[in-house]
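Read the structure below first, then the notes.
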Amino acid sequence: MTRLRAYALTSCIFCLAACTTGGSDLSKGSPYAPDVDRSAAAVDGVLVGWRLMEAGEYELAMDAFIRAGVEQGRTPEILAAVGTVNLAMGRLGQAEDKLREALKADDSQAETWNNLGVVLMEKGEFPEAQQILRKAYALDNGESDAIRDNLRLALANSVQPGYGDQKSQEYKLVRRGSSDYLIKPTP
């Protein structure tokens with residue numbers, strides 16, 4: 001029995017030694033993940049959030065933006081990012097609140113104005129969406145196709161509010177760039 005215990009103890013010591021001396025290396029064909037360098041600088045939470053948005057992981061992106069907000073404070077960038085995530089998740093009321101709060105702090109970001117315009121169009125508030133998107137288009141100097149297309153859609157819906165027996169049009173949000181959305185009619 002004592003040999004068996006000694007063998008088990010020796011095996012545990014070798015396993016623990018492998019874990020503390022750098023673990024294993026994937027380049028040597030080991031199936032284990034490499035060690036984490038805890039002394040390295042962390043990746044910016046905003047960058048992580050936008051990457052998660054691109055991957056369609058909106059809840060995780062929200063968590064990343066909130067963590068970044070804890071570190072950086074309630075900056076206009078963080079507020080606009082949280083508003084954009086809420087827009088992507090269909091939480092229009094929350095998206096509108098955060099985007100308006102971001103614009104109160106910094107009204108020079110065309111993408112934030114555009115996203116607010118998209119929220120208002122989704123809510124059916126076309127006259128205000130038209131004004132907001134005009135502001136976004138002016139700030140952008142007409143360079144963004146997404147903002148121009150959103151403005152065109154808002155203008156078209158302001159002229160034809162859709163009264164009567166017309167068929168209801170469904171819209172789809174299409175992400176363009178890092179933080180702006182384009183509304184497209186679904187076929």
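Just the heavy atoms: all of them, side chains too, but no hydrogens, waters or symmetry mates, feed the values below. Counting begins at 1 with the first residue of the sequence. Bear in mind the structure is a predicted one, so any value in this text is a computation, not a measurement.
- Applying the side chain to side chain contact (heavy atoms under 4.5 Å, CB included) test to Asp106 and every residue at least two apart in sequence or in another chain returns Pro76, Ser108, Gln109.
- Closest heavy-atom contact between Trp50 and Phe65: N-CZ, 3.6 Å.
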Checklist entry - Hey, mind stepping through Met89 and Gln94 against side-chain contact (heavy atoms from CB on, under 4.5 Å) and telling me if it holds? => result CA-CA 10 Å; Met89 290 191 291; Gln94 293 173 358; over 6 Å; no
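- Scanning for side-chain hydrogen bond (donor to acceptor under 3.5 Å, both in side chains) contacts around Asp107 gives an empty result, with sequence neighbours left out.
- With sequence neighbours left out, the side-chain hydrogen bond (donor to acceptor under 3.5 Å, both in side chains) criterion links Gln72 to Asp44.
- Ala61 approaches Gly49 most closely through the heavy-atom pair CB-O, 3.4 Å.
- Residue pairs satisfying the salt bridge (charged side-chain N to carboxylate O under 4.0 Å, His left out) criterion with at least one member in residues 82-92, sequence neighbours excluded, are listed as follows: Glu59-Arg91.
- Taken together through direct or relayed side-chain contacts under 4.5 Å among Ile, Leu, Val, Met, Phe, Trp and Tyr, Val85 and Leu79 form parts of separate hydrophobic clusters.
- Taking the side chain as every heavy atom from C-beta outward, Leu153 and Asp149 never approach each other to under 4.5 Å.
- Residues Asn115 and Val119 are not in side-chain contact: their nearest non-hydrogen atoms beyond the backbone lie 4.5 Å or more apart.
- Counting heavy atoms from C-beta outward, Lys135 and Ile147 have side chains that stay 4.5 Å or more apart.
- The stretch residues 62-82 participates, sequence neighbours left out, in these salt bridge (charged side-chain N to carboxylate O under 4.0 Å, His left out) pairs: Arg74-Glu101.
- Across all their heavy atoms, Ile78 and Gly73 have their closest contact at CG1-O, 3.8 Å.
- Note that CG of Asn114 is 9.5 Å distant from CG of Leu151, once rounded to the nearest 0.5 Å.
- For the ring pair (Phe, Tyr, Trp, His ring centres under 6.0 Å) condition, no pair includes a residue of residues 68-95, sequence neighbours left out.
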Please report, to 0.1 Å, the donor-acceptor pairs under 3.5 Å made by any side chain of residues 123-133, with sequence neighbours excluded.
from	atom 1	to	atom 2	distance (Å)
Lys123	NZ	Glu96	OE1	2.4
Glu128	OE2	Arg100	NH1	3.4
Glu128	OE2	Arg100	NH2	2.7
Gln130	OE1	Ser158	OG	3.0

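- In this structure, Leu155 is a member of the same hydrophobic cluster as Met121, with clusters built from ILVMFWY side-chain heavy atoms closer than 4.5 Å.
- A ring pair (Phe, Tyr, Trp, His ring centres under 6.0 Å) check over residues 73-116, counting only residues at least two apart or in different chains, returns nothing.
- Residue Leu60 belongs to a hydrophobic cluster whose other members are Val43, Leu47, Val48, Leu52, with links defined by side-chain heavy atoms closer than 4.5 Å.
- Residues satisfying the side-chain hydrogen bond (donor to acceptor under 3.5 Å, both in side chains) criterion with Arg51, sequence neighbours excluded, are absent altogether.
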Checklist entry - Do Glu143 and Asp140 pass the side-chain contact (heavy atoms from CB on, under 4.5 Å) test, and can you show the C-alpha distance, the side-chain angles, and the key distance before you say yes or no? => result CA-CA 6 Å; Glu143 294 179 13; Asp140 190 52; 3.8 Å; yes
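- Legend: ring pair (Phe, Tyr, Trp, His ring centres under 6.0 Å) pairs involving residues 133-156, not counting sequence neighbours: none detected.
- Hydrophobic cluster membership for Val70: none, as no Ile, Leu, Val, Met, Phe, Trp or Tyr side chain comes under 4.5 Å of it.
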